[in-house]
**Q** 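Can you keep this structure in mind? I'll have questions shortly.
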Amino acid sequence: MGKKIFSGVQPTGNLHLGNYLGAIKNFVKLSNDKNNQCIFCVVDLHAITVFQDPKDLRNNICETVATFVASGIDPKKSIIFNQSQVSAHSEAAWILSCIARMGWLNRMTQFKEKAGKDKEKASIGLYSYPVLMAADILLYDSTHVPVGDDQKQHLELCRDIAQKFNNDFHLNDFFKVPEPLIQNQFSRIMSLKDGLKKMSKSDSSDLSRINLTDKKDEIINKIKKAKTDPMPMPSSPEELEKRHEAKNLLGIYSSLSDYTLEKTINEFSGKNFSEFKEKLSQVIVDKIVPISVEIKKLLDEKKYLDEILLDGCKKANEIATKKIKKIHEILGF
Ligand code: ADP
Ligand code: TRP
């Protein structure tokens with residue numbers, strides 16, 4: 001039997017190579033398999049857990065849809081929609097927040113990172129964010145959830161919530177317990193400026209990431225300026241243990257070329273970094289520039305993007321409303 005795939009991306013701007021290699025590339029592959037049913041959600045309710053300027057948010061929703069389509073997701077075959085337009089998500093999130101335990105949420109490392117030192121000032125939404133994520137997944141009986149490595153803990157929480165709900169109401173299989181789909185190699189792309197920090201939308205330095213809307217010159221310049229170390233190119237993976245920046249760049253090259261890390265190391269062993277960086281720029285440009293061009297083209301076709309969302313919302317609503325009705329019955333509402 002085919003898989004029921006669900007995943008989400010926040011419309012918070014600056015979609016980057018980490019989002020592409022960690023998540024979107026996998027979405028495209030899964031959506032091209034005819035046996036799978038795929039749903040890709042622009043999670044605008046998640047985005048507002050930190051303040052968003054309404055005009056920026058609107059643009060970023062369009063840009064995220066454009067990125068999905070430009071990367072190769074066919075809106076006729078997969079459902080693409082935005083979360084806020086299917087009210088079952090907010091409703092299920094409330095209900096599931098009565099199932100999830102404080103102790104479980106207190107363990108979430110992403111909240112600790114995002115809230116920073118002053119947790120008292122973080123929004124309640126930022127804290128309960130993983131419960132909304134569980135609602136997203138469980139409403140669609142999703143069997144598999146492709147995400148980057150940083151979402152693993154949230155997926156485990158989703159599984160716990162599904163199991164507790166099923167147990168509390170003596171139901172075997174009401175909520176499907178979903179499996180994460182995390183690429184085992186190169187699942188976490190790091191900043192170009194610091195090999196220990198995740199490549200991120202919110203990094204204040206634009207040089208730290210390759211945006212999916214970057215032009216050729218910007219990509220070449222960013223790779224030229226990417227941090228490396230003074231040692232020669234490695235000749236074995238073991239040499240990379242403490243060379244985080246070099247490891248990240250070789251990982252990006254491997255992932256884009258569908259090579260193993262070993263194969264990339266063999267190709268460049270004994271050469272110098274500048275030669276490697278030139279080749280790396282080339283593979284990034286080859287992959288990202290066509291996507292970037294297509295995103296820009298689609299952004300000029302707002303009506304088309306709106307139609308995709310409208311159609312996706314209609315389909316998502318049908319599925320989610322049925323599930324919410326059943327939840328009401330189970331709860332005794
Ligand atoms: P973020 O703010 O972390 O970029 P998103 O909701 O936009 O959050 O993330 C979308 C997807 O991209 C998620 O599956 C996430 O795990 C993945 N992702 C984000 N950053 C990276 C990264 N640096 N490396 C690999 N995957 C990433
Ligand atoms: N929390 C995810 C992130 O920041 C985005 C997300 C929201 C998601 N809902 C989801 C991912 C459901 C997978 C499934 O990357």
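Counting convention: from 1, in listed order, for ligands and their atoms alike.
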**Q** Provide the number and element of each atom of ligand 2 under 4.0 Å from a heavy atom of Gln10.
**A** 4 (O)
**Q** Do any N/O atoms on Gln110 end up under 3.5 angstrom from N/O atoms on ligand 2?
**A** no
**Q** Would Ile24 end up clustered with Ile308 when hydrophobic side chains under 4.5 Å apart are linked, directly or stepwise?
**A** yes
**Q** Consider every N or O of Ala23 and every N or O of ligand 1, then say whether any pair is closer than 3.5 Å.
**A** no
**Q** Just jot down the ligand 2 atoms closer than 4.0 angstrom to any heavy atom of Ile137, in number order.
**A** 12 (C), 14 (C)
**Q** Among Lys326, Lys176, Lys323, which residue meets the salt bridge (Lys or Arg N to Asp or Glu O under 4.0 Å) test with Asp141?
**A** Lys323
**Q** Should Ser7 be listed as contacting ligand 1, given a heavy-atom distance under 4.0 Å as the test?
**A** no
**Q** Would you mind running through ligand 2 and noting each atom that sits below 4.0 Å from a heavy atom of Tyr129?
**A** 1 (N), 2 (C), 3 (C), 4 (O)
**Q** What do you reckon, does Met199 have a nitrogen or oxygen under 3.5 Å from a nitrogen or oxygen of ligand 1?
**A** yes
**Q** Just jot down the ligand 2 atoms closer than 4.0 angstrom to any heavy atom of Phe6, in number order.
**A** 12 (C), 14 (C)
**Q** Is ligand 1 under 4.0 Å from a heavy atom in the side chain of His16, in the backbone, in both, or in neither?
**A** side chain
**Q** Can you find an N or O of Lys114 that's nearer than 3.5 Å to an N or O of ligand 1?
**A** no
**Q** Check this for me - ligand 2, Gln151, N or O atoms closer than 3.5 angstrom, yes or no?
**A** yes
**Q** Which ligand 2 atoms, with their elements, are less than 4.0 angstrom from a heavy-atom of Val145?
**A** 13 (C), 14 (C)
**Q** Between ligand 1 and Met190, can you find any atom pair, the residue atom being a heavy atom, that is separated by under 4.0 Å?
**A** no
**Q** Report yes if the side chains of Phe186 and Leu21 come closer than 4.5 Å at any heavy-atom pair, otherwise no.
**A** no
**Q** Among Ala47, Gly18, Ser202, whose heavy atom sits nearest atom 27 (C) of ligand 1?
**A** Gly18
**Q** List every atom of ligand 2 that sits less than 4.0 Å from any heavy atom of Val147, numbering the atoms from 1 in the order shown and giving each element.
**A** 11 (C), 13 (C)
**Q** Got a sec: does the CD of Glu262 have more than 12 other heavy atoms crowding it under 6.0 Å?
**A** yes
